K.L.:
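I have a structure here, written as structure tokens, and I will follow up with some questions on it.
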Amino acid sequence: MPESNRGVILGASAFLLWGFAAMYWPFLSPAEPAEVLAHRMVWALAAMCVFLLAARRGWAWLPPLLRNPRRLLPVAAAAVLISINWWGFIYSVSIVQTLQASLAYFINPLMTVCLAVVFFSERLRVAQWVAVGLGAMAVVVMTFAYGSTPWLSLLMATSFAAYGAVKKYVSLDGMQSLTVETLVMFLPALGYVIYLEAMGTGTTFSVSPAHTALLVGGGFVTALPLLLFGMAARRIPLSVIGMLQFITPTMMFLIGWLLQGEEMPPARWVGFGFVWSAVCVFAYDQLRSSPRRSVAHATTGRPPNASSPSPARD
């Protein structure tokens, strides 16, 4: 399978899992958002250790990385950016601002595409620009429905788009990179969890065994889609990732509307219609241009969706 096709599959899988994860985090409501975030960091590292063992990866690559600040810096930056994104999502849900959380997933692809064009000189075809325009209209409609500047949405969207861009500069494979990202945040997160338990305000063991299990399981719910996303980001252009990200808000809409019975005012229906139109235009463009990219690959030997910079493959 071509690397570009594999990247699309990995990316789509990551966003599908993020969509399903919207049903997971509400079960952790007895814990405050900061405590949930700390547990996500702690148990995500444990999950990555399990993944490394399952893949029979060694640890010989880690000490040289820790001794090389130039290689470690982009990984540390990615860790900070994804932590900001996690906090924004958890906080928005905890204060019942689910519209802001949903809107963030619509804004995020537009942020990603902008970064792709400005920083990576990626060129969009006419149909892709049409899709971006439809997505922008959807964001405008949903922002109008919210009624004020959605600062939490902008925070989440910007931090995650920047996270995807920084991953382009990480000279590690997806599994190694995510392991180091969780390692960077492990000690602060663990220290906060211990502090809460010492003060008697933590919920790790005081709610129920099921709650404890869900806190631990959050590490795997967190790590797996991030691992898939990191692998995809290094195989396909950010512009493609930007459009794949519409999968997650679509799933959140279906879960909220069909399973959780959330109200859908007309403006949100209109915005959702624009989003689906953008996805359909982009998918059509991808199918139409696929034969031409395959021919270009055969004649030049260059992967059809290669982008610059092009880090080492996973």
Side-chain angles (χ1 to χ4, degrees), residues 3-4 6-7 10-11 14 37-38 40-42 44-49 51-53 55-88 108 111-122 155-192 219 222-242 302-303 305-314:
E3 284 292 286
S4 58
R6 188 180 180 190
L10 290 169
L37 174 61
R40 288 187 73 173
M41 296 174 180
V42 170
L45 177 60
M48 289 311 303
C49 291
F51 291 150
L52 283 170
L53 290 173
R56 298 183 179 180
R57 297 284 190 92
W59 296 90
W61 55 271
L62 184 57
L65 173 67
L66 297 178
R67 293 193 296 266
N68 189 333
R70 291 188 63 183
R71 294 184 63 202
L72 183 60
L73 182 60
V75 186
V80 173
L81 288 168
I82 198 59
S83 298
I84 293 172
N85 180 267
W86 290 351
W87 177 86
N108 187 37
M111 296 285 189
T112 301
V113 169
C114 289
L115 289 178
V117 173
V118 173
F119 293 103
F120 297 100
S121 300
E122 295 183 10
L155 174 69
M156 286 183 280
T158 304
S159 60
F160 195 73
Y163 172 77
V166 168
K167 295 284 280 189
K168 287 283 188 179
Y169 294 98
V170 174
S171 58
L172 298 170
D173 66 34
M175 189 172 293
Q176 292 173 345
S177 176
L178 186 54
T179 300
V180 179
E181 289 169 33
T182 54
L183 180 61
V184 168
M185 305 305 298
F186 175 75
L187 288 180
L190 180 62
Y192 185 68
T222 296
L224 182 56
L226 276 172
L227 177 61
L228 296 174
F229 174 81
M231 296 168 66
R234 303 174 72 249
R235 287 177 165 86
I236 55 179
L238 283 175
S239 53
V240 176
I241 291 177
R302 187 169 183 261
N305 277 333
S307 62
S308 177
S310 179
R313 300 293 183 186
D314 289 316

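Below, each value reflects all heavy atoms present in this structure, side chains not excepted, and no hydrogens, waters or symmetry copies. Positions are given from 1 along the sequence. Computed from a predicted model, the values in this text were never measured in an experiment.
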K.L.:
Ala76 and Val184: which non-hydrogen atoms are nearest, and at how many Å?
P.N.:
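Looking at all heavy atoms of both residues, the closest pair is CA-CG2, 4.3 Å.
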K.L.:
Would you compute the distance between atom CG of Leu226 and atom CE of Met231 and round it to the nearest 0.5 angstrom?
P.N.:
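Atom-to-atom, Leu226:CG and Met231:CE are 13.0 Å apart.
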K.L.:
Measuring from atom CZ of Arg40 to atom OG1 of Thr222, what distance do you get when rounded to the nearest 0.5 angstrom?
P.N.:
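Rounded to the nearest 0.5 Å, the CZ-OG1 separation comes out at 3.5 Å.
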K.L.:
Considering non-hydrogen atoms only, spot the tightest contact between Pro74 and Val166 and give its length.
P.N.:
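In this case the closest contact between Pro74 and Val166 is O-CG1, 3.2 Å.
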K.L.:
Would you name the heavy atoms of Pro225 and Ala14 that are closest together and state the gap between them?
P.N.:
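For Pro225 versus Ala14, the nearest heavy atoms are O-CB, 3.4 Å.
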K.L.:
Got Val75 and Tyr169 here, is their nearest side-chain heavy-atom distance under 4.5 Å?
P.N.:
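When only atoms from C-beta onward are counted, Tyr169 and Val75 do not touch, as no gap falls below 4.5 Å.
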K.L.:
Mind checking what makes side chain to side chain contact (heavy atoms under 4.5 Å, CB included) contact with Arg70, not counting sequence neighbours?
P.N.:
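Counting only residues at least two positions away or on another chain, Arg70 forms a side chain to side chain contact (heavy atoms under 4.5 Å, CB included) with Asn68.
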K.L.:
Rounded to the nearest 0.5 Å, what separation is found between the CG atom of Leu52 and the OG1 atom of Thr179?
P.N.:
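Result: 4.0 Å between the selected atoms.
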K.L.:
Classify the ring geometry of Tyr163 against Phe229: parallel below 30°, tilted from 30° to 60°, perpendicular beyond 60°.
P.N.:
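Parallel: the ring planes of Tyr163 and Phe229 meet at under 30°.
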K.L.:
Which atom names give the shortest non-hydrogen contact between Met48 and Met175, and what distance separates them?
P.N.:
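Shortest heavy-atom contact: CE-O, 3.5 Å.
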K.L.:
Please step through side chain to side chain contact (heavy atoms under 4.5 Å, CB included) for the pair Leu178 and Phe51, ending with a clear verdict.
P.N.:
CA-CA 11 Å; Leu178 186 54; Phe51 291 150; over 6 Å; no
K.L.:
Mind checking what makes side chain to side chain contact (heavy atoms under 4.5 Å, CB included) contact with Ala189, not counting sequence neighbours?
P.N.:
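By the side chain to side chain contact (heavy atoms under 4.5 Å, CB included) rule, Ala189 matches Ala38, Met41, Val42.
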K.L.:
For Ser177, what residues pass the side-chain hydrogen bond (donor to acceptor under 3.5 Å, both in side chains) criterion, not counting sequence neighbours?
P.N.:
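Partners of Ser177 under the side-chain hydrogen bond (donor to acceptor under 3.5 Å, both in side chains) test: Lys167, Glu181.
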K.L.:
Identify the two heavy atoms, one from Ala232 and one from Gly11, that lie closest to each other, and give their separation to 0.1 Å.
P.N.:
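In terms of heavy atoms, the two residues are closest at CB-N, 3.4 Å.
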K.L.:
Identify, with sequence neighbours excluded, every residue that meets side chain to side chain contact (heavy atoms under 4.5 Å, CB included) alongside Leu187.
P.N.:
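Testing Leu187 for side chain to side chain contact (heavy atoms under 4.5 Å, CB included), a comparison that skips the adjacent residues, returns none.
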K.L.:
Could you check if a side-chain atom of Leu155 sits within less than 4.5 angstrom of a side-chain atom of Trp87, using non-hydrogen atoms only?
P.N.:
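Yes, their side chains come closer than 4.5 Å.
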K.L.:
Measure the CD-CG distance between Gln176 and Leu62 for me, rounded to the nearest 0.5 Å.
P.N.:
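Going from the CD atom of Gln176 to the CG atom of Leu62 covers 9.0 Å.
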K.L.:
Which atom pairs, one a donor and one an acceptor, fall under 3.5 Å between side chains of residues 79-86 and the rest of the protein, sequence neighbours left out?
P.N.:
residue	atom	partner	partner atom	Å
Ser83	OG	Ala79	O	2.8
Asn85	ND2	Met156	O	2.8

